[in-house]
Amino acid sequence: MATSYKPFISNCFIQRRISHVSQKSPHFNLPPFPTFKQPLKKILPGLPLLIDVQKTMTDAAAKLLEAFVDSFFQFVDQPLLPSQSNFAPVEELGEAILVTSIQGSIPDDFPEGVYIRNGPNPVFGGLKSTNSIFGRSSHIWVEGEGMLHAIYFKRSSQGSWKVLYNNKHVETDTYKIEKQLSKPSFLPAIEGDSLAILSAYLLNWLRFGKVNKYISNTNVFEHSGKFYSVAENHIPQEIDIFTLKTVRNWNVNGAWDRPFTSHPKKAPGTGELVTLGVAPTKPFAVAGIISADGEKLVQRVDLQLNRCTLCHEIGVTKRYIVIMDFPLTIDLNRLLRGGRLIKYNKEEYARIGILPRYGDANSIKWFEVEPNCTFHIINSFEDGHEVVVRGCSSLDSLIPGPNLSLKEHEGLSRCHEWRLNMHSGEVKEKDICGGNVVYMDFPVINGNFIGVRNRYAYTQVVDPIASSDQGAPKYGGLAKLYFEESCKGDKEKAEEGVRVECHMFEKNTFCSGAAFVPIEGGLEEDDGWIIAFVHNEDTNISEVHIIDAKKFSGEVVTKITMPRRVPYGFHGAFMQISFQAQEHNSVYHQQTP
């Protein structure tokens with residue numbers, strides 16, 4: 001989502017028709033296949049030969065398809081400008097390494113745990129385009145296989161800190177396919193000539209049973225003590241948080257069989273996980289609620305949308321689920337007519353739906369709002385009869401590219417608020433920052449306040465000049481928003497524009513993956529730190545910065561110099577973990593020099 005936008009790669013799929021048999025039919029109770037008491041080889045002595053023939057024909061067809069792709073499709077690397085050098089991929093380390101260059105000190109009350117960030121790290125050299133007899137198709141800037149970058153903070157028995165760093169690709173099913181083939185194989189199927197995209201869909205499906213790669217490059221989240229990597233074109237992958245190895249695909253014990261939002265939310269009060277699955281064929285959007293223990297799907301609701309809106313986020317309050325139905329859409333019919341697969345149309349309607357947590361599609365209350373593109377919700381909560389939704393909103397979309405309006409700034413986000421009156425149906429919306437023109441995205445808050453009223457939020461600040469010729473935003477600083485204080489310092493007049501405090505980096509230095517780290521037992525909402533990966537493009541050095549949330553514009557508390565370059569990425573999180581559970585893993589128990 002580089003930016004929150006990491007949105008969604010179309011997960012078009014072909015469905016098999018299921019033959020339904022009436023319960024009144026005499027065949028209803030028959031098994032789907034005949035059962036035999038004797039071995040099939042005795043009943044059908046020619047069966048092994050038929051199986052061998054079928055396998056030979058299948059292998060021959062696969063070889064013909066590969067030969068066709070090799071002959072008529074040429075993979076080419078998408079070039080990077082010098083100013084885009086930190087979007088280039090890096091190699092895996094193989095194992096965690098000790099970090100020794102630390103400027104300042106890690107706070108004594110900083111919690112043990114791991115700061116982990118997801119982001120694209122394309123295999124085989126970078127993002128690709130293909131040229132063929134059908135035209136050209138290209139990966140878009142938010143694609144690329146996911147790589148996790150993790151910093152481990154472990155306290156010794158003497159109280160000193162040990163810091164380790166590791167990185168590793170998320171090994172999705174499609175990642176394994178291409179690694180086994182040792183070459184780029186999936187044809188880009190998002191942006192380009194419509195005939196080239198359609199042929200990519202078909203050829204990817206025929207060869208691999210999937211129309212596009214599962215990238216898992218957007219976010220990392222925890223539920224019921226387990227950790228997951230996710231992008232919304234597939235289900236999440238469970239990750240061993242200590243080794244970063246991919247454990248398995250997570251489909252909630254077979255109950256969830258569709259894409260999964262990059263931003264699931266813990267429901268206030270119950271600890272249930274609220275998710276959303278968007279697909280380019282009906283049903284276009286399905287909301288789901290997963291039990292607090294992660295073992296079962298409690299609720300599944302077809303939202304009955306009449307279009308596939310590229311919805312990257314979902315919101316929660318104490319009683320409701322917030323659905324964003326905005327005019328950035330994935331449309332297969334448009335593609336068949338020669339148009340773009342993913343397109344933002346500011347002439348189409350935009351609305352926000354408020355769904356009772358355990359309600360159905362008929363119980364959704366829809367509110368028409370001004371057309372916009374919002375990838376990220378800051379928070380949502382109930383205030384009397386109103387549901388308040390705050391997010392990072394723009395007048396155009398950074399997806400899919402490459403015709404981005406960064407120079408005009410329409411594709412850059414500002415903080416916006418919608419107040420939706422559940423009794424009267426009235427909508428009030430405004431730019432939160434008022435006259436303060438600050439472009440920002442990738443919002444984070446203290447996770448203890450998700451779904452309830454909060455006073456503060458933290459965002460990454462866009463550098464419009466540095467971003468203007470990149471095709472993707474760069475973030476030259478961080479911002480703290482004071483929702484209950486105006487820009488003039490008056491707590492009673494926040495409607496004039498809330499107070500914004502900035503922490504800006506030095507020239508040509510940009511961040512990604514900012515996360516809030518709460519102080520354990522903290523008394524106030526902003527008791528804690530902001531942590532982020534930071535890269536200086538002049539020195540080509542990557543660091544992790546720890547910033548006191550209460551002294552936000554002040555000096556950095558801790559700067560940790562990374563032993564390797566860390567490319568720009570998407571979302572980060574801090575997870576408290578127990579290293580004692582991993583005593584068998586010696587790398588976490590080295591003696592600190």
Side-chain angles (χ1 to χ4, degrees), residues 4 263 265 268 311-328 346 349-355 365-396 409-410 412-446 449-462 479-502 516 525-526:
S4 72
H263 296 280
K265 295 291 195 307
C311 186
H312 181 65
E313 265 272 27
I314 194 168
V316 294
T317 71
K318 289 183 177 180
R319 293 182 294 167
Y320 300 112
I321 298 172
V322 179
I323 309 296
M324 315 291 270
D325 182 11
F326 292 161
L328 175 62
K346 63 181 68 177
Y349 65 88
R351 59 182 185 166
I352 299 175
I354 305 301
L355 168 68
K365 189 174 182 64
W366 289 104
F367 296 84
E368 299 289 328
V369 299
E370 291 297 317
N372 71 93
C373 184
T374 298
F375 286 118
H376 294 116
I377 294 173
I378 298 172
N379 198 20
S380 50
F381 57 90
E382 298 164 40
D383 185 11
H385 297 318
E386 293 179 324
V387 173
V388 181
V389 183
R390 293 169 177 156
C392 295
S393 175
S394 64
L395 300 177
D396 205 339
H409 300 164
E410 286 192 345
L412 301 179
S413 298
R414 300 182 65 181
C415 290
H416 203 75
E417 179 183 275
W418 298 268
R419 286 186 167 267
L420 314 173
N421 193 302
M422 296 295 289
H423 281 198
S424 68
E426 181 184 11
V427 177
K428 298 177 183 177
E429 55 180 294
K430 66 178 181 180
D431 190 318
I432 294 177
C433 297
N436 295 322
V437 181
V438 182
Y439 299 105
M440 57 182 75
D441 209 333
F442 287 90
V444 295
I445 65 172
N446 184 327
F449 289 80
I450 291 174
V452 299
R453 190 183 189 103
N454 62 307
R455 298 177 60 189
Y456 310 106
Y458 310 86
T459 62
Q460 297 176 185
V461 178
V462 179
K480 179 180 182 180
L481 282 69
Y482 295 74
F483 293 124
E484 296 184 4
E485 295 183 36
S486 76
C487 55
K488 298 179 181 179
D490 190 337
K491 293 186 178 182
E492 303 300 323
K493 296 182 178 180
E495 68 273 6
E496 297 178 356
V498 303
R499 177 187 168 197
V500 179
E501 183 180 5
C502 289
F516 183 82
E525 181 185 334
D526 59 349

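This structure is a prediction, so every number in the text was calculated from the model and none was measured. Counting from 1, the numbers follow the sequence of the chain as shown.
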Roughly how far, to the nearest 0.5 Å, is [atom2] of [Y] from [atom1] of [X]?
X    : Y    : atom1 : atom2 : answer
K430 : R419 : NZ    : CZ    : 7.0 Å
T459 : I445 : OG1   : CD1   : 13.0 Å
K428 : F367 : NZ    : CZ    : 12.5 Å
E501 : L481 : CD    : CG    : 10.5 Å
R414 : C392 : CZ    : SG    : 11.5 Å
R351 : F326 : CZ    : CZ    : 11.0 Å

Tell me the closest heavy-atom pair linking [X] and [Y], and the distance in Å.
X    : Y    : answer
M440 : C415 : SD-SG, 3.2 Å
Y349 : P327 : O-CD, 3.6 Å
G315 : I377 : N-CD1, 3.7 Å
E370 : N372 : O-ND2, 2.9 Å
V427 : E368 : CG2-O, 3.7 Å
G451 : N379 : N-OD1, 3.0 Å

Go through the steps to decide whether K265 and E313 satisfy the test salt bridge (charged side-chain N to carboxylate O under 4.0 Å, His left out), and finish with yes or no. CA-CA 9 Å; K265 295 291 195 307; E313 265 272 27; 2.5 Å; yes
Quick check: do [X] and [Y] have side-chain heavy atoms less than 4.5 Å from each other?
X    : Y    : answer
L412 : S394 : no
N454 : R390 : yes
V316 : P268 : yes
F483 : E417 : no

R455 vs D526, test: salt bridge (charged side-chain N to carboxylate O under 4.0 Å, His left out). Steps then yes/no. CA-CA 9 Å; R455 298 177 60 189; D526 59 349; over 6 Å; no
Main chain of V388, side chain of D383: is a donor-acceptor contact present, judged purely on distance under 3.5 Å? no
Determine yes or no for a side-chain-to-main-chain donor-acceptor pair under 3.5 angstrom, with N446 supplying the side chain and E525 the backbone. yes
Using 30° and 60° as the class limits, which term best fits the ring planes of F516 and Y458: parallel, tilted or perpendicular? parallel
Verify whether the ring centers belonging to Y456 and Y482 lie closer than 6.0 Å. yes
Using side chain to side chain contact (heavy atoms under 4.5 Å, CB included) as the criterion, point out the one residue from I323, L355, L420, I352 that pairs with W366. I323
Going by salt bridge (Lys or Arg N to Asp or Glu O under 4.0 Å), R453 matches just one of E386, E484, E382. Which one? E484
